[in-house]
Amino acid sequence: MIIDVKIIDPRMADQLPQYATPGSAGLDLRACLDEPLTLQPNAWKLVSTGIAIHLEDPGYAALILPRSGLGHKHGIVLGNLVGLIDSDYQGQLMVSAWNRSDVAFTIAPMERIAQLVVVPVVQAQFQVVTEFAAASARGEGGYGSTGKA
Ligand SMILES: O=c1ccn([C@H]2C[C@H](O)[C@@H](COP(=O)(O)OP(=O)(O)OP(=O)(O)O)O2)c(=O)[nH]1
Ligand SMILES: [Mg+2]
């Protein structure tokens, strides 16, 4: 799939998001910073990526997800937990970097801080009913109704 990308910060021209391996699902996003950014414990900051994408087709969206190494080892996750990029969004991709740890962490300029996953999307339409046509095995059960183990 080809996605239009706009380079907002010229430093990103030769550092566009890439799949690290042939089987990667995520494209690493870099922190387009002028200087190192220190996030104190429990601080969060919106970080520019220096690029914009336009998916255009409403059959796609992109998700911004944490990188597992940064999240697990350093507590650097996302302030919005998951970022959803709409197919019609044309602005700069932004990463809400949140230091959920109790140790300060410094993000270096151009460091890979999160990853972008392009996913298919179905836009649903609602049809109002008073009863669902067929009873399911689950019915209204939820929130652990099937037991613990
Ligand atoms: O981590 C993120 C999340 C969102 N966005 C951009 C793309 C997305 O299409 C737009 C709106 O995001 P969302 O719909 O999640 O936010 P909202 O609070 O509902 O804002 P809006 O009223 O603009 O839809 O912001 C980012 O750049 N990074
Ligand atoms: Mg929205």
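Worth knowing before you read on, the calculation uses all heavy atoms, side chains too, and leaves out hydrogens, waters and symmetry mates. Atoms within a ligand are numbered from 1 in the order they appear, just like the ligands themselves. Worth saying up front: this structure is predicted, and the values here are computed from it rather than measured.
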Filter the ligand 1-protein atom pairs down to N or O on both sides and distance under 3.5 Å, then list them.
residue, atom, partner, partner atom, Å
ligand 1, 1 (O), Asn80, ND2, 2.9
ligand 1, 1 (O), Met94, O, 3.4
ligand 1, 9 (O), Asp86, N, 3.0
ligand 1, 9 (O), Asp86, OD2, 2.6
ligand 1, 27 (O), Met94, N, 3.1
ligand 1, 28 (N), Met94, O, 2.8

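- Here Asn42 pairs with Trp98 under the side-chain hydrogen bond (donor to acceptor under 3.5 Å, both in side chains) rule; sequence neighbours left out.
- Applying the side-chain hydrogen bond (donor to acceptor under 3.5 Å, both in side chains) rule to Asp102 yields no partners; only residues at least two apart in sequence or on another chain are considered.
- In this structure, Arg11 pairs ionically with Asp34, as a charged nitrogen and a carboxylate oxygen lie closer than 4.0 Å.
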Steps toward side chain to side chain contact (heavy atoms under 4.5 Å, CB included) verdict (Ile53, Asp4):
CA-CA 6 Å; Ile53 61 169; Asp4 284 350; over 6 Å; no

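- Scanning for side-chain contact (heavy atoms from CB on, under 4.5 Å) contacts around Gln115 gives Asp28, Leu65, with sequence neighbours left out.
- Summarising the geometry of Ile64 relative to Leu78, their closest heavy-atom pair is O-CD1, 3.2 Å, with the distance given to 0.1 Å.
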